[in-house]
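To start, the structure itself, in C-alpha cells.
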Amino acid sequence: MCSEELKKLKLYNLFQSIEMPLLKVLSDMELEGISLDTEMLSDFSEELSKDIVNLERNIYEISGEEFNLSSPKQMGEILFEKMKIIDKVKKTKTGQYSTSEETLSKLKGKHQIIDHILEYRGLQKLLSTYVKALPLLLDKNTNKIHTTFNQSVAATGRLSSVSPNLQNIPIRTEKGRKMRKAFIPKNSDFEILAADYSQIELRIMASLSADTSMLSAFNNGIDIHSATAAKVYKVEEKDVTREMRSHAKMVNFGIIYGISAFGLSQRLGIKRKEAAEIIENYFIEFPKVKEYMDLSINKARDNEFVETILGRRRYLKDINSRNGMIRAFAERNAINAPIQGSAADIIKKAMIDVQKEMEKQNLESRMLLQVHDELVFDMKKSEKEILTKIVKEKMEQTITLDVPLVVDIGFGENWLEAH
DNA sequence: GTAATCACG
DNA sequence: ACGTACGTGATTACA
C-alpha cells in the first residue's frame, strides 16, 4: 500500500492525528508530575491508624476472637458460621461467603458489628492504597508524583494510569475527599485548575442516536436526569421528586452500559418486572435511542467490530456466539464502546488542542492529569484568565456534535477545592 | 497466579 | 434456567 492510500484510512488517520500527538502531551504530563502535601498526609495517616486500631479492638470484642480482618474468608466464617448473623447467605462464584460492601450494607440492621466492619474497611483502604502508599512514590529528584499513562490498555480507547493510578483518587466520602486535598500546586505562584465535561457520554448518545427528546434537553440546557424522570414517570418536570430523578440517573447510566432489567432492578432495589417497565417506558419516550442501540448491535454482528466518532474500533469476536450470556456481554460492549470510546476521542483531541495553544502562548501553566472526562492543571495565578479561556474553548469546541459540549471549570489551593 | 474487594470515571 | 449493568488499577490473602 502506498502512503497516499494509507492516509485515507480512518484508523491510520486516528493514529497520526490523535494518538501520536497525544503521546508527546502525555509524556510532558508524566515528566511534570504533581505535588503532594506530605505533612498533611502524615497527620492523616496517624489519625486513620488510631481509628483503625480502635475499630479492630471493637470488632474482636464483639466477635469474641481475633482474626485477620483483611481476610474475606475469615470474615465470612466469623459472620456467618460463628455468629450466624443471618441464615440466607450470599456466596461468591467460588463458593466463599460474600462479605462485599454491597452484601454487608444490606445486613446493616442485623448486627452492630456490620457498621464497624464497613467503617474499618473504608479506613483501611484509604490508608493502605492512598495515604501511606502515595508519599512513598514521591520522586527523589523532583519531589513529585509521576504517574504513567497507558495509551493502549483500555479496550474502548480510554487512557489508564498506573504506578500510581491517579485516576482513582477518592472523592465520594468525606474522609476520601481529604485525600484529594493532598494534591496541591507546585508553589505559591500556582493554583489547581480542574475542568470537566458535563454529561459527555449522554451528550454523545444524544448526538449519535439523534433522539429528538434527548437532543432538545441538551440543546435547551435542561437537567437531563430530571428530563428523563419526567418522561419515564410521565409527570411534569416540576413534579419530579428526588427519588424519581435519582432513579432516572441510574436509568441513564444503564443506557450507556447496555441496560438490562436485572441490572437496573439490582441498582434500584426494585423487582425485575418493575425495572422492565421503566425500561419499556424509556424506549417509548426515547425511541431513537433504542434504534441506535439495535443498530450498534447489528453493525457489530455484520463487522465483528464497532467504532467511535473518530473511527476507533473495538473488535467483538463474541458478538455471534451461540452462548447467550457471552453474546449478551458482547452486545452490551457494542452499545457501550462507541459511547465511552467517543468520549475518549474527544478529550484526547482536546488535550492536544489545549497543549498546542498553551505552548503557542508560552504559558508556564502545565497540564497534569486526565481522569476520563476531566483535565487537571497546575495554573500560574497570573495566567488564570488566559488559561481558563483556552481550556474552556478548546475542550468545548474540539469536536462539533449535534448538542453543545459543556465544560465546568474550578480553581483551588488543592484538587478538592478545584471541583 | 487468582480471587475478593474497592477506589475512580 | 441461566446470571448480567461499561471501563480501569492496587491491595491483600491464599493456594
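The figures that follow rest on heavy atoms only: side chains count, while hydrogens, waters and symmetry mates do not. The chains referred to below are lettered A, B, ... by the order of the sequence lines, with proteins before strands, and numbering in each begins at 1.
Between the NZ atom of A:Lys356 and the CD atom of A:Glu359 there is a distance of 10.0 Å, given to the nearest 0.5 Å.
For A:Pro72, counting side-chain heavy atoms from C-beta on, the closest listed nucleotide (C:dG3, C:dG7, B:dA4) is B:dA4. The listed nucleotides are C:dT4, B:dA4, B:dT5; the one nearest the side chain of A:Lys93 is B:dA4. The listed nucleotides are C:dG9, B:dG9, B:dA4; the one nearest the side chain of A:Asn150 is C:dG9. Of the candidates C:dG9, B:dG9, C:dA5, the closest approach to any side-chain atom of A:Arg180 belongs to B:dG9. If you check C:dA13, B:dC8, C:dG9 against the side chain of A:Val153, the one that comes closest is C:dG9. When each of C:dG9, C:dT4, C:dG7 is scored by its nearest atom to the side-chain atoms of A:Phe262, the top-ranked nucleotide is C:dT4. Taking the side chain of A:Met325 as heavy atoms from C-beta on, and the options C:dG9, C:dA13, C:dG3, the nearest nucleotide is C:dG3. The A:Phe329 side chain lies nearest to C:dG7 when the options are C:dA13, B:dC8, C:dG7. Closest to the side chain of A:Arg332, from the set C:dA5, B:dT5, B:dG9, is C:dA5. The side chain of A:Asn333 lies closest to C:dC6 when the candidates are C:dC6, B:dC8, C:dA5.
The shortest distance between the side-chain N/O atoms of A:Asn68 and the OP1/OP2 oxygens of C:dA13 is below 4.0 Å. Within the structure, every side-chain polar atom (N or O) of A:Thr156 is placed at least 4.0 Å from both OP1 and OP2 of C:dG7. For C:dC14, one of the phosphate oxygens OP1 or OP2 lies less than 4.0 angstrom from a side-chain nitrogen or oxygen of A:Ser71. A sub-4.0 Å separation between OP1 or OP2 of B:dT5 and a side-chain N or O of A:Thr99 is present. Applying the 4.0 Å criterion to OP1 and OP2 of C:dC6, one finds that A:Arg158 has every side-chain N and O outside that range.
Ring planes of A:Phe67 and A:Tyr60: perpendicular class, angle over 60° (limits at 30 and 60°). A:Trp415 and A:Phe183 have perpendicular rings, their planes meeting at more than 60° on a 0 to 90° scale where under 30° would count as parallel.
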| remark: Pairs under 3.5 Å (Watson-Crick or G-U), crossing ones as [ ], inter-strand ones as |: DNA chain C comes out as .....|||||||||.

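By the 4.0 Å N-to-carboxylate-O rule, A:Lys392 lies close enough to A:Glu396 to be salt-bridged with it.
Residue A:Ile171 is classed as a sugar-phosphate contact, given heavy-atom separations below 4.0 Å to backbone atoms only. Among the atoms of the strands shown, only primed sugar atoms or phosphate atoms (P, OP1, OP2) are found under 4.0 Å from some heavy atom of A:Gln74. A:Ala328 comes within contact range of no nucleotide atom at all, as no heavy-atom separation falls under 4.0 Å. Residue A:Arg121 is classed as a sugar-phosphate contact, given heavy-atom separations below 4.0 Å to backbone atoms only. Counting non-hydrogen atoms under 4.0 angstrom, A:Ala155 reaches the backbone sugars and phosphates but no base. When heavy atoms are screened at a 4.0 angstrom cut-off, A:Ala344 is found touching no nucleic acid atom at all. If you check every strand for non-hydrogen atoms under 4.0 Å, A:Glu101 touches sugar and phosphate atoms only.
As a whole-Å value, the separation of A:Leu134 CG from C:dG9 C1' is 13 Å. With rounding to whole Å, A:Leu268 atom CG is found 18 Å from C:dT4 atom P. In this entry the distance linking CD of A:Gln124 with P of C:dT11 reads 12 Å, nearest Å. Computed from coordinates, the A:Asn252 CG to C:dA5 P distance equals 19 Å when rounded to whole Å.
Comparing the P positions of B:dA3 and C:dT4 gives a spacing of 14 Å, expressed to the nearest Å. Going from the P atom of C:dA5 to that of B:dC6 covers 15 Å, rounded to whole Å.
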| request: Starting from the C-alpha separation in whole Å, work towards a yes-or-no answer on side chain to side chain contact (heavy atoms under 4.5 Å, CB included) for A:Ser198 and A:Arg203. | output: CA-CA 9 Å; A:Ser198 159; A:Arg203 286 170 196 270; 3.6 Å; yes

